[in-house]
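Numbered from 1 within each chain, the chains take letters A, B, ... in sequence-line order.
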Amino acid sequence: MVLEFRDEGIYCPAGRFYIDPWKRVDRALVTHGHADHAYEGHRHYLATHEAAPVMRHRLGEIDLESVAYGEIREIDGVRVSFHPAGHVPGSAQIRVEHRGEVWVVSGDYKTTPDGLSEPWEPVRCDAFITECTFGLPVFDWLTDAELSAQIDEWWRANRAAGRHSAIGAYALGKAQRVMTMVDASIGPILTHGAVENTNAVLRRQGVTLPDTIRVTSETDLKAHPGGLIVAPPSALAGPWLRRFGPVSTAIASGWMALRGVRRRRAADRGFVVSDHADWAGLNMAVRETGAERIFATHGYTAVFRQWLEEQGYDAQIVATEYGDELLETEEAEA
Amino acid sequence: MKRFAQLFTALDQTTKTLAKTAALTAYFEDAPEADRLWTIALLSGRRPKRTVNATRLSEWAAEVAGLPMWLFKASYDVVGDLAETIHLVLPEAEAAPDRSLSDWIADIRALAAQPEPERKAWVLRSWTELDGAERFVFNKLITGGFRVGVSQKLMTRSLAKATGIEEAELAHRLMGKWTPETTSYVALITAPDPEADLSRPYPFCLAYGVEGDPADLGPAEDWIAEWKWDGIRGQLILRGGQHHLWSRGEELMTDRFPEFARAADFLPDGTVLDGEILAWDAETRRPMGFSALQTRIGRKTVSKKVLADAPVILRAYDLLEEDGVDLRALPFAERRARLVGRIADLPADAPVALSPVVDFADWDTLGPIRETAREAQAEGLMLKRKGSPYHVGRKKGDWWKWKLDPLTIDAVMVYAQAGHGRRANLYTDFTFAVWKEDELVPFTKAYSGLTDAEFRRITHWVRRNTLARFGPVRQVPPEHVFEIGFEGIQKSTRHKSGVALRFPRMLRWRDDKPVAEANTHADLLQMLEQYG
């Protein structure tokens with residue numbers, strides 16, 4: 001086996017490295033900077049140039065080496081390279097080749113381009129280790145054009161009614177995607193500190209984002225009426241939002257496709273914006289890799305495995321600590 | 001259907017009452033009258049019956065979507081709603097001309113009479129013609145499960161705004177056994193004939209629970225206390241030589257409780273009583289407990305044996321109409337005095353009896369009286385302001401229920417099952433057990449009482465600590481103790497534990513309590529002895 005599944009994470013015995021390990025290891029190859037993939041405490045990290053700044057921002061002083069997309073590294077005779085996953089800026093699938101056999105670890109991915117993340121590319125392989133967060137046929141995303149029209153309409157209506165529009169979106173990825181999706185000419189974009197800190201990191205590495213205003217205790221909110229407030233979902237439920245006065249709230253998440261979840265979140269609106277592949281995206285990705293062996297890591301693994309098996313694949317489930325089926329992801333980066 | 005789907009979306013995507021009222025008012029102002037009438041019917045629980053069975057619909061949807069049946073079912077398990085699952089898996093619709101809500105409902109109702117191949121063809125064609133929310137609403141209508149987060153009160157208020165008719169008057173007009181087939185918008189709303197429906201009940205006056213100290217309600221002499229019975233709220237109507245019995249949920253229960261046919265022997269025509277239906281032991285002149293009444297609920301026809309084993313009466317506590325005159329505006333003390341005049345001296349075999357007042361001198365003496373409610377076969381006290389009219393629906397201030405604190409027991413969670421709908425991806429339905437020596441005996445299920453945050457926490461734990469799966473049910477290690485509250489306990493031969501609880505729910509998560517200190521089966525049996 002090129003890769004095996006250990007208590008610490010996905011392991012390459014020939015190269016003696018781990019991919020996205022959740023326990024402390026010597027050498028970690030990391031697909032992207034989200035907390036359930038980039039854990040702290042490893043001795044040595046390897047990630048893409050584009051993912052590195054955010055990882056340093058989140059994990060502090062770490063021993064981190066970075067590589068370009070497509071650049072091949074030899075680690076103890078194992079050829080390793082990173083390929084765009086389209087999930088968030090800097091996110092990668094990791095290709096591992098040993099003695100002519102190729103395995104790919106998907107990390108989290110989205111097959112449709114979002115104008116922000118490096119667009120997903122299929123990587124041919126023998127074995128594909130894939131997420132399936134939204135691995136059910138009920139998940140079928142709208143196009144970004146349809147989504148931005150929905151969000152713009154909501155923002156415009158609120159602005160006309162003298163309200164702010166507050167949208168809950170994970171600080172890395174979803175928040176930036178929302179602000180690049182909307183028509184920034186509608187009004188000012190106001191950001192929570194956690195979002196703006198990530199913005200600063202991304203801007204420094206050359207990512208183009210619309211103008212934003214960091215909200216602090218000194219910000220004169222009266223000077224920015226009818227703004228789009230972009231904040232982590234948790235901030236929408238807390239006292240932070242009170243300073244804005246009348247406000248309409250929304251959550252941007254793939255889970256908003258389900259009416260029950262949408263209603264439970266008690267936001268005024270739920271926009272189905274996901275950084276993960278939908279059912280069609282997952283199936284397309286699996287097909288395009290040309291792989292015969294598929295390992296489903298996190299999400300609706302049992303369903304997706306059975307489906308793939310019926311499609312003629314050798315499909316298995318691997319227990320990992322990425323996501324937690326629905327809950328953490330619902331709170332975080334889905 | 002576009003206009004109605006638009007209304008549905010507006011109502012569904014907000015939690016704010018003001019926004020809902022605005023959306024409904026606008027709809028009642030501009031939708032066609034026939035659609036208005038159907039909307040009123042739908043929002044007051046008068047849904048068309050399911051015309052296609054759920055299995056067929058699932059099969060057809062899976063077929064159209066190109067999915068194996070197991071995958072459709074797995075999706076349904078997650079979504080928790082059949083209409084939504086079908087809507088989500090189907091391919092996008094093609095553009096089709098818009099048809100009104102009432103047109104669609106007429107077709108849906110006609111469906112019941114058609115043979116299956118025609119039915120299927122029609123449903124499949126409809127799926128290709130309806131887009132987005134329209135298709136979801138359509139699925140809700142054919143599955144007979146249409147619901148939206150709007151109370152009848154909110155709907156009535158919006159209709160009042162749109163029509164200029166007073167809200168309480170409208171609430172009354174909307175009561176009773178009408179359907180859009182039997183009436184019209186004009187006959188029901190704008191120009192009703194008061195004689196048209198003699199069975200029409202008055203809207204029930206509802207009470208809030210006492211918060212804090214009842215002494216805050218003001219001078220005790222302004223109040224009347226009554227026992228709060230543990231039965232079924234009912235309104236008994238004697239008009240036009242006939243009798244009608246309505247439940248609080250606006251269900252006509254006349255046939256289910258034939259005892260009340262004799263009410264006309266004891267009471268004049270033009271009488272309407274509000275009270276509690278109780279299974280009644282004529283010998284001891286005491287209620288028989290809810291388990292006896294339960295044998296009468298949900299049965300359309302009642303056997304002689306059931307009738308003899310659990311006869312019912314109405315314990316009346318209010319007089320809403322006397323000699324055909326609506327008394328609701330009178331002060332409660334006055335209505336009560338008239339009620340006493342009408343029924344206090346009825347013979348013991350009358351199906352109606354007076355619900356007595358509970359005398360009390362001041363608030364301090366009422367507290368200890370409330371503590372004895374279980375001995376009186378009641379679940380607490382009702383407090384009613386002497387000067388209050390009979391309100392429409394729930395109004396704060398004049399009627400209060402002051403229930404006993406629930407019985408409680410600390411139990412260990414042993415199984416968990418995912419919820420549905422709003423709680424589709426959370427583990428919310430739990431089975432609890434108590435100790436019998438060193439064994440845990442399951443004795444109840446409970447699925448409410450925790451906060452969403454607590455449900456998320458326990459769900460996280462369930463996912464990581466599953467011992468075994470039995471279909472949707474997961475067995476978990478006995479590690480968590482919950483305080484279970486319930487209103488009553490009865491002997492049960494159906495349950496292994498030998499008991500059945502009434503209204504069990506989780507009062508709190510006893511994080512502080514080790515599993516070994518949870519209650520025992522012997523504790524349950526002792527409660528059964530004491531309160532059963």
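Atom CG of residue L88(B) and atom CZ of residue F139(A) lie 8.0 Å apart, to the nearest 0.5 angstrom. Within the model, atoms CG of D12(B) and CZ of R259(A) stand 4.0 Å from one another, a figure rounded to the nearest 0.5 Å. Here the CG-CD distance, from D268(A) to Q13(B), works out to 9.0 Å after rounding to the nearest 0.5 Å.
Interface remark: A319(A) contributes no atoms to any contact with chain B (heavy atom separation under 4.5 Å). Using a 4.5 Å cut-off between heavy atoms, F72(B) makes no contact with chain A at all. If you measure heavy-atom distances from E310(A) to chain B, the contacts under 4.5 Å come from the side chain alone. With a threshold of 4.5 angstrom between heavy atoms, E84(B) approaches chain A through side-chain atoms but not through N, CA, C or O.
Residue-environment remark: NZ (K16(B)) exceeds the threshold of 12 foreign heavy atoms within 6.0 Å. Enclosure of atom NZ in K2(B) by more than 12 non-hydrogen atoms of other residues, nucleotides or ligands within 6.0 angstrom is indicated. Atom CD of E292(A) is surrounded by 12 or fewer heavy atoms from other residues, nucleotides or ligands within 6.0 Å. Within a 6.0 Å sphere centred on CD of E40(A), heavy atoms belonging to other residues, nucleotides or ligands number 12 at most.
Listed here is the closest heavy atom pair of V138(A) and S75(B): CG1-CB, 3.8 Å.
Comparing T14(B), L90(B), L71(B) by heavy-atom pairs within less than 4.5 Å of chain A, the highest count is held by L71(B).
The shortest distance between side-chain heavy atoms of V78(B) and V303(A) does not fall below 4.5 Å.
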